[in-house]
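A short write-up of the structure that comes next.
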Amino acid sequence: LKAADGAMLRVGVVDYGVEEDAVVCWGEDGSLELTVPETNTEFLAPLQAHQRPRVDVLLALPRPSNLERFLCTSAQQGIGHIVLCNAAKVQGDYFG
């Protein structure tokens, strides 16, 4: 993300809403905070299970260290199902 402190971004939730004026604030540790105006409180409310977008991923099996990072990130993003498959460049011994 190449936005500077104080920049305005458009953020949204799939099938739920868009906010045009979220303000960027970078922390000293490199963390990012987006401040969304309180005018749209429904946008900030947690989604119920039936409102969450269903996201599935088909993934060629990566190296174990990359898979671990991917699983952590995908869990944070709410991915429902991950299907691991073989690909031409995946070594056969990765599947055990």
Side-chain angles (χ1 to χ4, degrees):
L1 188 63
K2 297 180 181 180
D5 274 347
M8 298 255 206
L9 296 178
R10 181 175 18 158
V11 295
V13 177
V14 174
D15 294 333
Y16 198 67
V18 175
E19 188 63 48
E20 297 286 338
D21 49 358
V23 180
V24 174
C25 181
W26 289 100
E28 291 193 20
D29 61 348
S31 62
L32 171 67
E33 180 179 330
L34 292 175
T35 306
V36 178
E38 293 185 19
T39 57
N40 192 353
T41 55
E42 291 179 4
F43 179 76
L44 299 174
L47 296 176
Q48 301 296 324
H50 69 280
Q51 294 173 313
R52 292 185 190 130
R54 181 174 175 205
V55 179
D56 297 332
V57 173
L58 174 62
L59 178 69
L61 189 63
R63 293 189 173 126
S65 60
N66 293 345
L67 180 60
E68 182 179 354
R69 285 188 303 225
F70 175 79
L71 292 176
C72 292
T73 303
S74 61
Q76 293 170 353
Q77 294 180 353
I79 292 178
H81 295 90
I82 300 171
V83 179
L84 299 174
C85 67
N86 195 3
K89 293 186 178 183
V90 176
Q91 296 175 357
D93 59 348
Y94 275 7
F95 287 103

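These numbers come from a predicted model, not from an experiment.
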To the nearest 0.5 Å, how far apart are [atom1] in [X] and [atom2] in [Y]?
X	Y	atom1	atom2	result
Leu84	Leu71	CG	CG	7.5 Å
His81	Leu58	NE2	CG	13.5 Å
Cys85	Leu59	SG	CG	7.0 Å

Is Leu9 reachable from Leu32 through a run of hydrophobic residues whose side-chain heavy atoms are each under 4.5 Å from the next? yes
Please check this pair: side chain of Thr73 against backbone of Phe70, looking for a donor-acceptor N/O pair closer than 3.5 Å. no
CA sep, side-chain torsions, deciding dist, call: Asp56, Ile79, side chain to side chain contact (heavy atoms under 4.5 Å, CB included): CA-CA 6 Å; Asp56 297 332; Ile79 292 178; 5.7 Å; no
Is there side-chain contact between [X] and [Y], with at least one heavy-atom pair below 4.5 Å?
X	Y	result
Asn66	Arg69	yes
Val23	Met8	yes
Val57	Ser74	no

Heavy atoms only: give me the nearest Val36-Ala22 pair and the separation to one decimal. CG2-CB, 4.2 Å
